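Everything quoted here is computed from the prediction, not taken from an experiment. Computation of the quantities below employed the complete heavy-atom set of this structure, encompassing side-chain atoms and omitting hydrogens, waters and symmetry-equivalent molecules.
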Amino acid sequence: MPFHIEVGSPLHHARVFNVGEDELRQILGLWVSGQTFELGEQEWDPGESKLTILEGRTLSGPDLSFGQGWSNALRSSEDVTQRVMASAETSLPLPAVYAVEADSLDGAVAEMTAGKNPTTIEWPDARARIDGRDPSVAAVILVVRPPEADPPRS
């Protein structure tokens with residue numbers, strides 16, 4: 001069954017209908033990780049928006065006409081937001097987090113280039129320290145891997 005998604009803020013909303021599981025997983029991945037994403041030609045920040053996910057029958061042209069799509073989706077679908085979000089939060093891999101303790105940023109760089117192994121910490125602990133503005137955190141370095149290339153098509 002397809003999904004119908006609404007993302008809203010106090011001033012705006014975007015709705016998409018008949019979304020497949022792959023597209024839903026992409027949106028959820030960005031949402032759960034707190035990344036800004038585009039939907040309905042607008043950028044959305046999960047921290048400032050509300051997400052609603054409905055699962056139901058495919059909505060065809062007449063169901064979507066005259067701005068009645070969301071009303072029809074609400075009538076013919078089940079709100080699965082909580083269930084889908086809980087599943088997404090437990091199934092998405094968490095990034096590896098390493099901490100380097102040093103007196104300065106230069107000292108941290110020197111330790112890393114010297115091959116000294118950093119301390120591994122759990123993502124929730126790292127996030128709490130960053131979000132909580134822990135005064136012992138002097139710098140955060142984010143390493144982003146380039147997207148994997150699509151395999152060649154024959």
Side-chain angles (χ1 to χ4, degrees), residues 1-100 105 108 112 118-154:
M1 269 196 212
F3 297 92
H4 313 296
I5 301 170
E6 177 184 58
V7 180
S9 68
L11 298 177
H12 305 284
H13 69 270
R15 296 171 177 151
V16 291
F17 303 94
N18 305 321
V19 173
E21 287 189 34
D22 289 341
E23 187 177 356
L24 176 65
R25 262 190 249 117
Q26 287 179 329
I27 293 169
L28 287 174
L30 296 168
W31 186 275
V32 170
S33 63
Q35 296 180 53
T36 301
F37 64 97
E38 188 174 318
L39 185 73
E41 298 180 11
Q42 186 168 340
E43 286 195 349
W44 297 95
D45 178 352
E48 299 173 359
S49 309
K50 180 183 176 200
L51 177 67
T52 303
I53 304 167
L54 306 176
E55 183 177 22
R57 66 179 179 83
T58 299
L59 298 177
S60 61
D63 296 319
L64 301 171
S65 63
F66 303 112
Q68 293 300 306
W70 193 248
S71 296
N72 288 329
L74 288 169
R75 276 195 293 278
S76 64
S77 304
E78 176 187 359
D79 187 335
V80 294
T81 307
Q82 295 299 326
R83 176 176 55 88
V84 171
M85 291 295 291
S87 174
E89 289 171 351
T90 59
S91 67
L92 292 174
L94 295 174
V97 180
Y98 304 99
V100 175
L105 184 57
M112 289 186 291
T119 304
T120 303
I121 59 176
E122 295 296 319
W123 174 247
D125 295 336
R127 187 172 187 162
R129 290 180 71 180
I130 295 166
D131 290 347
R133 310 295 190 258
D134 183 338
S136 68
V137 176
V140 176
I141 299 172
L142 175 66
V143 178
V144 180
R145 292 184 200 110
E148 293 182 20
D150 290 334
R153 296 181 188 204
S154 53

[atom1] of [X] to [atom2] of [Y]: how many Å apart, nearest 0.5 Å?
X: N18; Y: L64; atom1: CG; atom2: CG; result: 6.5 Å
X: H4; Y: N72; atom1: NE2; atom2: CG; result: 9.5 Å
X: Q42; Y: T36; atom1: CD; atom2: OG1; result: 11.5 Å
X: T52; Y: E6; atom1: OG1; atom2: CD; result: 5.0 Å
X: L28; Y: S87; atom1: CG; atom2: OG; result: 8.5 Å
X: I27; Y: I5; atom1: CD1; atom2: CD1; result: 4.0 Å

Is any side-chain heavy atom of [Y] closer than 4.5 Å to one of [X]?
X: F3; Y: V80; answer: yes
X: F37; Y: Q26; answer: no
X: E55; Y: R83; answer: yes
X: S9; Y: D45; answer: no
X: D63; Y: Q68; answer: no

To check you understand the geometry: which heavy-atom pair defines the closest contact between [X] and [Y], and what is its length?
X: M1; Y: R57; result: SD-N, 4.3 Å
X: G56; Y: P2; result: O-CD, 3.0 Å
X: L39; Y: A14; result: O-CB, 3.7 Å
X: S49; Y: W44; result: OG-CE3, 3.5 Å

Using only atom types and a distance under 3.5 Å, with no angle test, would you say the side chain of [X] pairs donor to acceptor with the backbone of [Y]?
X: S65; Y: P62; result: yes
X: S77; Y: L74; result: no
X: T81; Y: I53; result: yes

Between L54 and W70, is a side chain to side chain contact (heavy atoms under 4.5 Å, CB included) present by the stated rule, with each step listed?
CA-CA 10 Å; L54 306 176; W70 193 248; 3.6 Å; yes
Tell me whether E38 at atom CD has more than 12 heavy atoms from other residues, nucleotides or ligands lying less than 6.0 Å away.
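More than 12 within 6.0 Å, yes.
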Sequence neighbours left out, what passes salt bridge (Lys or Arg N to Asp or Glu O under 4.0 Å) with E21? Give chain and number order.
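With sequence neighbours excluded, E21 shows a salt bridge (Lys or Arg N to Asp or Glu O under 4.0 Å) to R25, given in chain and number order.
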List for me each residue that meets salt bridge (Lys or Arg N to Asp or Glu O under 4.0 Å) alongside D125, sequence neighbours excluded, and say none if there are none.
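D125: no salt bridge (Lys or Arg N to Asp or Glu O under 4.0 Å) contacts found.
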